Amino acid sequence: MLEELKQVVYEANMELPAKGLITYTWGNVSGIDRETGLFVIKPSGVPYEELKPEDMVVMDLQGNQIEGELNPSSDTPTHLELYKAYENLGGIVHTHSPWATSWAQAARSIPCYGTTHADYFYGEIPCARSLTEEEIEEAYETNTGKVIIETFQENDPIYVPGVLCANHGPFTWGKDAMEAVHNAVVLEEVAKMAYRTEQLQNRTIGAPGYLQDKHFFRKHGENAYYGQGK
């Protein structure tokens, strides 16, 4: 079942160690088939060097495990909430990449200081609020998804394809699993650059709005012209 998607999600997961985004098993990627309403996700706690495409776990949007002998990622309920909330998400990534996680542990959103950030994220990359003790005890991973959704009441998840979860780490997404990984790599680099920017200038201000607009919409706007499109 969904063998092609399993292969894609497997390859996307293998990009996490290849791009230096994870240590040990600290991350996961999923991808969804919107026609069937099923998504594929990495199994929980399996070392990447042992991972195989057939190990990927198939889930439905009610949280039922449809296929796979291994337990799905412990973050599966978070992925599930995001897929239910946003129909245009095709892939989701969670890591504990060090630079982005540092901002998350500081419970700080990442300001837009330059054009690298503006090419991919329209405005700051928000940090979601901390979960309450009750939310953590009740349904930690599900409520992580819900607090991300709460954060995006004032943001467009397509224009800002990532978030920091306070005291935890980053989630990113995209039209498919590979784009979600791409955005995770960009988020980590942007987090690194923003930290260094603040070290160099402790009264840093964000990049001008008109510059942010130019860089974001030349890639993503209605009249985008970056790349080889018409």
Side-chain angles (χ1 to χ4, degrees), residues 2 5-6 8-9 12-13 15-16 21-22 26-44 56-66 71-97 100-101 103-104 109-110 120-131 135-136 138-188 220:
L2 299 178
L5 183 58
K6 286 181 186 175
V8 170
V9 171
N13 271 284
E15 279 290 284
L16 299 187
L21 293 181
I22 62 158
W26 305 351
N28 46 74
V29 182
S30 71
I32 191 168
D33 179 348
R34 289 292 180 180
E35 289 188 6
T36 62
L38 302 176
F39 68 97
V40 173
I41 194 165
K42 176 186 176 289
S44 179
M56 300 297 107
V57 182
V58 180
M59 305 290 299
D60 68 17
L61 290 175
Q62 288 70 51
N64 301 307
Q65 184 166 336
I66 302 302
N71 294 330
S73 166
S74 58
D75 294 304
T76 296
T78 308
H79 292 239
L80 174 60
E81 289 300 316
L82 296 177
Y83 283 133
K84 289 193 297 183
Y86 306 115
E87 293 184 356
N88 43 11
L89 267 57
I92 298 170
V93 173
H94 173 53
T95 76
H96 290 254
S97 56
T101 300
W103 286 85
S109 301
I110 303 177
Y120 293 88
F121 298 90
Y122 189 48
E124 71 176 18
I125 300 164
C127 185
R129 66 169 175 83
S130 297
L131 295 175
E135 287 171 328
I136 290 171
E138 177 194 35
Y140 173 52
E141 291 84 4
T142 295
N143 286 328
T144 297
K146 289 181 177 179
V147 81
I148 293 172
I149 294 164
E150 175 188 307
T151 302
F152 278 84
Q153 290 178 348
E154 303 297 329
N155 295 279
D156 185 334
I158 299 304
Y159 278 11
V160 186
V163 68
L164 306 176
C165 291
N167 312 118
H168 188 178
F171 283 82
T172 58
W173 44 81
K175 69 178 186 295
D176 53 35
M178 281 299 187
E179 185 176 85
V181 172
H182 186 90
N183 289 332
V185 173
V186 174
L187 173 55
E188 179 67 357
H220 307 283

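Since the structure is predicted, the reported quantities are computational estimates derived from the model, not experimental observations.
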Visitor: Do Thr172 and Asn183 get their side chains close enough for a donor-acceptor pair, meaning under 3.5 Å?
Guide: no
Visitor: Whether the side chain of Arg34 engages the backbone of Glu87 through a donor-acceptor N/O pair (distance < 3.5 Å, no angle test) should be reported.
Guide: yes
Visitor: First locate atom CD1 of Ile22, then atom NE2 of His94, and finally report the distance between them rounded to the nearest 0.5 Å.
Guide: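 Rounded to the nearest 0.5 Å, the CD1-NE2 separation comes out at 11.0 Å.
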Visitor: List the atom of Glu179, the atom of Gly174, and the distance in Å for their closest heavy-atom pair.
Guide: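 Minimum heavy-atom separation between Glu179 and Gly174: OE1-CA, 3.3 Å.
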Visitor: Quick one: OG on Ser73 to CG on Asn28, what's the gap to the nearest 0.5 Å?
Guide: 3.5 Å
Visitor: Indicate the atoms forming the closest heavy-atom contact of Pro72 with Met59, along with that distance.
Guide: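 Closest heavy-atom pair between Pro72 and Met59: CG-SD, 3.9 Å.
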Visitor: Would you check if Pro170 and Thr101 make a side-chain contact, meaning some heavy-atom pair closer than 4.5 Å?
Guide: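 When only atoms from C-beta onward are counted, Thr101 and Pro170 do touch, with a gap below 4.5 Å.
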Visitor: Any donor and acceptor pair, going by atom type alone, linking the side chain of Asp156 with main-chain N or O of Ile158 inside 3.5 Å?
Guide: yes
Visitor: Is any side-chain heavy atom of Asn88 closer than 4.5 Å to a side-chain heavy atom of Lys175?
Guide: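 No, their side chains stay 4.5 Å or more apart.
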Visitor: Roughly how far apart are Trp26 CH2 and Leu21 CG, rounded to 0.5 Å?
Guide: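 Those atoms lie 13.0 Å apart.
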Visitor: Before we go on, tell me: are the rings of Tyr159 and Trp173 under 6.0 Å apart, centre to centre?
Guide: no
Visitor: Nearest 0.5 Å, please: how far is CG in Leu89 from NZ in Lys84?
Guide: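 The CG atom of Leu89 is 14.0 Å from NZ of Lys84, to the nearest 0.5 Å.
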Visitor: Is the closest side-chain heavy-atom distance between Val160 and Phe152 below 4.5 Å?
Guide: yes
Visitor: Has the side chain of Asn13 got a donor or acceptor atom that lies under 3.5 Å from a matching backbone atom of Val29?
Guide: yes
Visitor: So, taking the atom named CG in Leu187 and the one named NE2 in His182, what distance separates them when rounded to the nearest 0.5 Å?
Guide: 12.0 Å
Visitor: Could you report the tightest heavy-atom contact between Ala166 and Ala128, atom names first, then the distance?
Guide: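 Heavy atoms of Ala166 and Ala128 come nearest at CB-O, 3.3 Å.
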Visitor: At their closest point, which heavy atom of Thr151 faces which heavy atom of Val163, and how far apart are they?
Guide: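 What the structure gives for the nearest pair is CG2-CG2, 4.4 Å.
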Visitor: Go through Leu131 and Tyr140 one step at a time and tell me if the side chain to side chain contact (heavy atoms under 4.5 Å, CB included) criterion holds.
Guide: CA-CA 8 Å; Leu131 295 175; Tyr140 173 52; 3.5 Å; yes
Visitor: Looking at Thr78, is its backbone amide N or carbonyl O close enough to the side chain of Asp75 to form a donor-acceptor pair, meaning the two atoms are under 3.5 Å apart?
Guide: no
Visitor: Of Leu61, Val58, Asp33, which meets side-chain contact (heavy atoms from CB on, under 4.5 Å) against Phe39?
Guide: Leu61
Visitor: For the residue pair His96 and His168, does the interplanar ring angle fall in the parallel (under 30°), tilted (30 to 60°) or perpendicular (over 60°) class?
Guide: tilted
Visitor: Keeping the roles fixed (side chain from Thr142, backbone from Ala139), state whether a donor-acceptor pair exists under 3.5 Å.
Guide: no
Visitor: Quick one: do Val93 and Leu16 satisfy side chain to side chain contact (heavy atoms under 4.5 Å, CB included)? Show the steps, please.
Guide: CA-CA 9 Å; Val93 173; Leu16 299 187; 4.0 Å; yes
Visitor: With a 4.5 Å cut-off on side-chain heavy atoms, are Glu135 and Arg129 touching?
Guide: yes
Visitor: Taking all non-hydrogen atoms of both residues into account, name the closest pair between Ala100 and Glu188 and its distance.
Guide: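 Ala100 and Glu188 have their closest heavy atoms at N-OE1, 2.9 Å.
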Visitor: Could you tell me the separation between the OG1 atom of Thr36 and the CG atom of Asp60, rounded to the nearest 0.5 Å?
Guide: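 Rounded to the nearest 0.5 Å, the OG1-CG separation comes to 9.5 Å.
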Visitor: Do Val57 and Gln65 have side-chain heavy atoms sitting under 4.5 Å apart?
Guide: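 Result yes, sub-4.5 Å side-chain heavy-atom pair found.
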Visitor: For Lys146 and Glu141: C-alpha separation, side-chain torsions, deciding distance, then whether salt bridge (Lys or Arg N to Asp or Glu O under 4.0 Å) applies.
Guide: CA-CA 9 Å; Lys146 289 181 177 179; Glu141 291 84 4; over 6 Å; no
Visitor: Could you pull out the closest heavy-atom pair between Val181 and Glu15, with the gap in Å?
Guide: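 Looks like CG1-CB, 3.7 Å.
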Visitor: Side chain to side chain contact (heavy atoms under 4.5 Å, CB included) between Ile41 and Ile92: does it pass, once the steps are laid out?
Guide: CA-CA 9 Å; Ile41 194 165; Ile92 298 170; over 6 Å; no
Visitor: Tell me whether Ser109 contacts the main-chain N or O of Cys127 through its side chain, where contact means a donor paired with an acceptor under 3.5 Å.
Guide: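 Here the side-chain-to-backbone pair exists.
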Visitor: Quick one: do the Asn167 and Ser130 side chains pair a donor with an acceptor below 3.5 Å?
Guide: yes
Visitor: Could you walk me through whether Ile148 and Leu82 satisfy the side chain to side chain contact (heavy atoms under 4.5 Å, CB included) test, starting with their C-alpha distance in whole Å, then the side-chain angles of each, then the deciding distance to 0.1 Å, before giving a yes or no?
Guide: CA-CA 8 Å; Ile148 293 172; Leu82 296 177; 3.7 Å; yes
Visitor: Any non-hydrogen side-chain atom of Tyr83 less than 4.5 Å from a side-chain atom of Ser30?
Guide: yes
Visitor: When you compare the side chain of Pro43 with that of Met56, does any pair of heavy atoms fall below 4.5 Å?
Guide: yes
Visitor: Do the two ring centres, one from Tyr122 and one from His220, sit under 6.0 Å apart?
Guide: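 Tyr122 vs His220: aromatic centres not under 6.0 Å.
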Visitor: Does any non-hydrogen side-chain atom of Ile136 lie less than 4.5 Å from one of Glu138?
Guide: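 Side-chain contact under 4.5 Å: no.
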